[in-house]
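Worksheet: the structure to be examined is printed underneath.
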Amino acid sequence: MSGVLIFRKNGVVQFISNPTKESFQQEAEAESTYFGVGGGTATAPGARPRVLVYVPSNQVIKSYAELEQRLQELGWTRYHNGQSRSSDLIQYHRSDASAHLISLPTNFNNFSSIHMYDIVVKNPSYFQVRVL
């Protein structure tokens, strides 16, 4: 498997397998089109929206308050690292010795499927992304 890791401004890393020049142009267009203000669960036109589900209780996560409660139950804590309160990211980490970090936009309306999958990868037994 070959590919490229794209480090986005919002703190999320995306893997593109077998990239071409056209795929990078499409990614740039998609990011500017679908990740704008009010994007919610960013999806392409015609695609069904996705939701993050906390599996043990089958709860659909509808706010950062709900998500933070579940993450804290699993041992994640808010990561501040000297950031000012005006930062455009909310970050969680497992411990100071851990490299695991979850980065989310401060506005829940900008919470997209990329962020959902980041949470699922780091908590596979507890979260799922489901299509509505």
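Because the structure is a prediction, the values reported are computed rather than measured.
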Exercise. Quick one: ring pair (Phe, Tyr, Trp, His ring centres under 6.0 Å) partners of Y54, sequence neighbours excluded?
Worked result: F127

Exercise. V121: what forms a side chain to side chain contact (heavy atoms under 4.5 Å, CB included) with it, not counting sequence neighbours?
Worked result: none

Problem set entry | salt bridge (Lys or Arg N to Asp or Glu O under 4.0 Å): pairs with one or both residues in residues 122-132, sequence neighbours excluded | D118-K122

Seminar exercise, completed: For R70, the salt bridge (Lys or Arg N to Asp or Glu O under 4.0 Å) test, sequence neighbours excluded, returns E73

Seminar exercise, completed: So CG of L89 and OG1 of T106: to nearest 0.5 Å the spacing works out to 7.5 Å

Seminar exercise, completed: Contacts of Y117 meeting side chain to side chain contact (heavy atoms under 4.5 Å, CB included) (sequence neighbours excluded), chain-then-number -> R50, S113, V129

Problem set entry | Main-chain N/O of L74 paired to R94 side chain as donor or acceptor, under 3.5 Å | yes

For this session: Starting at OG of S63, measure out to CD of E68 and round the result to the nearest 0.5 Å.
Result: 10.0 Å

Exercise. Of all heavy-atom pairs between N110 and H115, which one has the smallest distance, and what is that distance?
Worked result: O-CE1, 3.7 Å

Seminar exercise, completed: Hits for side chain to side chain contact (heavy atoms under 4.5 Å, CB included) against V55, two or more places apart or cross-chain, chain-then-number order -> Q128

Problem set entry | Gap between atom CD1 of I90 and atom CG of N107 - 0.5 Å precision | 9.0 Å

For this session: Can you tell me which residue pairs pass the salt bridge (Lys or Arg N to Asp or Glu O under 4.0 Å) test with a partner in residues 97-111, sequence neighbours excluded?
Result: none

Exercise. Which value, rounded to the nearest 0.5 Å, describes the distance between I61 atom CD1 and I119 atom CD1?
Worked result: 8.5 Å

For this session: Find out whether P105 and Y64 are in side-chain contact, i.e. whether some heavy atom of one side chain is under 4.5 Å from a heavy atom of the other.
Result: yes

Seminar exercise, completed: Sorted by chain and residue number, the salt bridge (Lys or Arg N to Asp or Glu O under 4.0 Å) partners of E66 (sequence neighbours excluded) come out as none

Problem set entry | Pairs touching residues 98-114 that satisfy salt bridge (Lys or Arg N to Asp or Glu O under 4.0 Å), sequence neighbours left out | none

Exercise. Excluding sequence neighbours, so at least two apart, what forms side-chain hydrogen bond (donor to acceptor under 3.5 Å, both in side chains) with Y126?
Worked result: none

Exercise. Which heavy atom of F108 sits nearest a heavy atom of K62, and at what distance?
Worked result: CE2-O, 3.2 Å

Exercise. Taking atom CG of L52 and atom OG of S112, what is their separation to the nearest 0.5 Å?
Worked result: 11.0 Å

Exercise. Which residues pass the side-chain hydrogen bond (donor to acceptor under 3.5 Å, both in side chains) test with T77, sequence neighbours left out?
Worked result: H93

